[in-house]
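Convention: sequence-line order gives letters A, B, ...; per-chain numbering from 1.
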2 protein chains.
Amino acid sequence: MSTKPTNTSTDKAAYLAARDEFIAQWGALGSAWGINRTMAQIHALLMISPQPLSTDDIMEDLQISRGNAHTNLRELTGWGLIRSVIRKGERKEYFEAEKDVWKIFCIVTRERKRREIRPAIGVLKDCIERTETLRDPDAAVFTKQTRALLEFVEMADSILSKIARSEQSKVVPWALKWFK
Amino acid sequence: MSTKPTNTSTDKAAYLAARDEFIAQWGALGSAWGINRTMAQIHALLMISPQPLSTDDIMEDLQISRGNAHTNLRELTGWGLIRSVIRKGERKEYFEAEKDVWKIFCIVTRERKRREIRPAIGVLKDCIERTETLRDPDAAVFTKQTRALLEFVEMADSILSKIARSEQSKVVPWALKWFK
DNA sequence: ATGAACTTTCACTAAATACTGAAAATTCAA
DNA sequence: TTGAATTTTCAGTATTTAGTGAAAGTTCAT
């Protein structure tokens with residue numbers, strides 16, 4: 001049996017390196033999905049933070065300006081992904097993230113539905129309405145394709161709604177049974 | 001009963017207006033999801049075009065430069081969302097889009113899995129591996145949270161894989177039964 | 001009521017991303 | 001094989017998006 005050295009400061013350094021990697025990559029992932037990098041990084045930081053953090057903590061940790069930190073903290077609050085907590089006898093505002101992965105999923109789903117899917121459905125409906133009675137043959141092709149898109153997006157929307165309204169304890173075992 | 005005037009040129013104008021709206025909004029939607037606006041617009045244009053279009057057609061329609069059109073046509077080809085068709089006796093390359101909405105969904109799912117979800121899984125695994133044996137209590141919180149994320153992302157990934165491998169004719173009736 | 005602590009705003013700057021257009025490379029009909 | 005047609009590249013530019021920091025605004029313990 002080999003003895004493993006457990007130097008505390010080495011551990012801390014290894015942890016901090018992994019943590020930085022995680023924050024950086026979470027930011028990059030956000031970028032790829034149309035979410036501001038800093039917003040995603042702050043979210044990552046708060047998700048893994050054992051305690052709530054203040055704006056100053058976040059500014060220091062991520063090396064960003066007050067304005068930037070502030071804007072993105074508000075944005076995350078708007079999404080419902082973080083909430084502010086106040087400590088008694090302190091003026092400063094602290095922030096903590098929702099940590100339950102299922103809840104995070106539900107929040108993101110709900111918000112993207114509201115912000116992007118619903119408007120898209122509106123546009124598709126509008127396009128169909130404006131062209132379905134036209135005699136032009138190109139218009140007919142257009143209407144057909146937008147109808148197919150609408151049908152699909154509406155189905156996806158209703159599936160997501162139903163899933164995001166469910167309890168994780170109901171969905172996950174079911175999903176594992178069907179998809180594992 | 002009112003008679004509806006069916007002036008052909010009015011119809012054409014109404015169609016073109018709806019079509020432009022669709023292209024513009026599809027572009028905006030792409031942007032919100034981290035896809036280059038022009039790429040999404042070209043995709044929209046080809047999805048609703050009755051015939052394959054050449055680079056020049058697209059340049060003119062969307063009022064973009066050759067370089068821009070070219071780059072984004074290649075990118076779309078890389079995703080597998082469009083393919084080039086050559087007409088016999090002609091040098092020019094034409095492009096047509098996959099129009100089947102289910103197939104489009106499968107392609108986008110497969111590509112985003114490959115480009116973003118798989119790397120994310122890699123990062124999470126790496127973070128867990130590097131921290132799971134550390135004694136630091138913050139590291140323990142970190143490992144726990146990244147594990148929860150990994151578990152969730154892997155489940156989502158396998159569900160998407162399974163769905164995207166299925167036939168629409170199998171999935172849609174099933175989905176409607178469960179989620180409508 | 002005061003003013004220190006803290007939050008918010010916003011004009012300006014920086015960085016990232018997308019686009020242009022012309023030149024170089026390639027292709028293929030004649 | 002030639003050269004006109006077409007595709008590809010890419011250095012330079014434009015546009016969009018994100019970030020800064022200082023000043024203005026707000027809040028609350030005293």
Trainee: Between A:R19 and B:D136, is the closest basic N to carboxylate O distance under 4.0 Å?
Mentor: no
Trainee: For the side chain of B:Q63 and the backbone of B:E60, is there at least one donor-acceptor N/O pair under 3.5 Å apart?
Mentor: yes
Trainee: Would you kindly compare A:M39 and B:D56 by the position of their nearest DNA chain D nucleotide and give the one closer to the 5′ end?
Mentor: B:D56
Trainee: Rounded to whole angstroms, how far apart are CD1 on A:I64 and C1' on D:dA18?
Mentor: 11 Å
Trainee: For DNA chain C, determine which residues of residues 67-96 of chain A have any heavy atom closer than 4.0 angstrom to one of its atoms, and list them numerically.
Mentor: A:G67, A:H70, A:R74, A:R91, A:K92, A:E93
Trainee: Between A:K99 and A:S49, is there a donor-acceptor pair closer than 3.5 Å when you use the side chain of the first and the backbone of the second?
Mentor: yes
Trainee: Whole Å only: how far is the CZ atom of B:R37 from the C1' atom of C:dT20?
Mentor: 17 Å
Trainee: OP1, OP2 of D:dT6 versus side-chain N and O of B:T55: anything below 4.0 Å?
Mentor: no
Trainee: Atom CZ of A:R66 and atom P of C:dT8: how far apart are they, to the nearest Å?
Mentor: 11 Å
Trainee: Check step by step if side chain to side chain contact (heavy atoms under 4.5 Å, CB included) holds for A:F22 and B:Q145.
Mentor: CA-CA 11 Å; A:F22 173 71; B:Q145 184 66 16; 6.0 Å; no
Trainee: Does B:E21 CD have over 12 foreign heavy atoms under 6.0 Å away?
Mentor: yes
Trainee: Can you tell me how far P of C:dT20 sits from CG of B:N36, to the nearest Å?
Mentor: 11 Å
Trainee: Send over the distance from A:I35 CD1 to D:dA18 C1', rounded to a whole Å.
Mentor: 15 Å
Trainee: Should the heavy atoms of other residues, nucleotides or ligands under 6.0 Å from CD of B:E151 be counted, would the total exceed 12?
Mentor: no
Trainee: Please report the distance, rounded to the nearest Å, between CD1 in B:I58 and C1' in D:dT7.
Mentor: 14 Å
